[in-house]
Amino acid sequence: MAASSSTVAPGALPRITILATGGTIAGKANANSAVGYTAGQATAQDLIDAVPGLDKIATLQAVQISNIGSQDMNDQVWLDLAHKIDEIFAGDQADGVVVTHGTDTIEETAFFLDHVVASDKPVVLVGSMRPSTALSADGPANLRSAVQVAADSQARGRGTMVVLNDTIHGAKDVTKSNTTSVQTFTSPNSGPIGHVDAAAVQFAGPATTQPRLTFPVPGKAPLPHVDIVYSHAGMDATQVDDALGHGALGIVLAGVGDGNTAKPVVDALSAAAKRGVLVVRSSRVGSGSVVRNAELNDDELGTVSALGLNPAKSRILLQLLLSDGITDVAKVQQAFGDS
Ligand code: DGL
């Protein structure tokens, strides 16, 4: 995707395009239920209209990409988002993009976009934990925060971010850690990259000078077939057999502890790896790093360590590598990082 380097004209407001995909932020309560609601009801323009003064922070455009609960997020919407962001940045149509999204899979979409958007302009994903019709709905404040971050000159060069509950997270580490609380998003290994309130956007430090790992936007949906195998006590190799039986080109182990699992599963994964299936060891634990060649010897097994990447994001990185024709285990490990 094309990089771009335009800057905001002196005295002009930053130009922000809001791409709406649905989610609770666009949700509305069900009339006959105290807690029930339906995601993806309000439009992008409805969301903007619900935030007084948003047009004092940036000049806004609204585009409706989809209107779905993010439990139904899919590869085609990802490709539509990637192509639209590329078109916007390549054509210098905006200085930043905000994507409104359900919180269930927001971390996955953020990770995907972080690895296919080459521009250094900010892409900020935002959602809410309460529907727009709820008491103390958090969506309007979150949307204002997201626009503030996307409009801030310090946001450039930080890749894709997730902003909720006054907190700015990077795409690599952010994860949903609680089913219902407004403070659900954490970055368990690295911490948030900044905070935002009505007065200011404060980043914890400068943008990294390290080049971001990016890939060409995959040509079409669906992305290559990669399955996640969830490890538990008393496990046999059934999940591995099922994944291979359904044509998986890659398998991510959501292992116990330091990316470990029962011996029958280790044997089945290693046999698959030696037949050319890419196997990545991640962990269900939720924080820390899966150490290469520690409890399990990746060199002998032919497996890759995900290091600090969670299973869902490991799957996406593996899909992008496969989509780009990268299947050499050493190069795949390099993409995940060298422990
Ligand atoms: N349906 C879920 C989603 O769209 C609700 C969670 C939310 O958006 O907060 O992700």
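Each ligand, and each atom within it, is numbered from 1 in the order the structure gives.
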For [atom], which protein heavy atom lies nearest, and how many Å away is it?
{"atom": "atom 1 (N) of ligand 1", "result": "Gln71 OE1, 2.7 Å"}
{"atom": "atom 7 (C) of ligand 1", "result": "Thr24 OG1, 2.7 Å"}
{"atom": "atom 4 (O) of ligand 1", "result": "Ser70 N, 2.8 Å"}
{"atom": "atom 2 (C) of ligand 1", "result": "Asp104 OD2, 3.1 Å"}

Compute the minimum heavy-atom distance from Ser128 to ligand 1 and say whether it is under 4.0 Å.
->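 Contact check Ser128 vs ligand 1: positive.
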
Residues His225 and Asp227: side-chain donor-acceptor under 3.5 angstrom |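 Indeed, the side chains of His225 and Asp227 share at least one donor-acceptor pair under 3.5 Å.
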
Sub-4.0 Å atoms of ligand 1 with respect to non-hydrogen atoms of Gly102 =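 Answer for ligand 1: 3 (C), 4 (O), 8 (O), 10 (O).
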
Atom indices of ligand 1 within 4.0 angstrom of Gly69 heavy atoms, with elements =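 Ligand 1 atoms under the 4.0 Å threshold to Gly69: 4 (O).
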
Can Asn74 and Gln76 be said to form a side chain to side chain donor-acceptor pair (under 3.5 Å), step by step?
-> CA-CA 6 Å; Asn74 57 68; Gln76 190 55 57; over 6 Å; no

Run the numbers on Gln61 and Arg15 for side chain to side chain donor-acceptor pair (under 3.5 Å), then give the verdict.
-> CA-CA 8 Å; Gln61 294 284 334; Arg15 303 162 299 157; over 6 Å; no

Using the six-membered ring wherever Trp is involved, compare the ring planes of His169 and Phe185 and label them parallel, tilted or perpendicular (cut-offs 30° and 60°).
->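 Correct class here is tilted.
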
Presence of salt bridge, Asp95 and Arg156, under 4.0 angstrom =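 No, Arg156 and Asp95 are not salt-bridged.
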
Please confirm whether the backbone N or O of Thr303 pairs with a side-chain atom of Arg281, one donor and one acceptor, at under 3.5 Å?
->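 No, the answer is negative, given that no donor and acceptor are paired below the 3.5 Å cut-off.
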
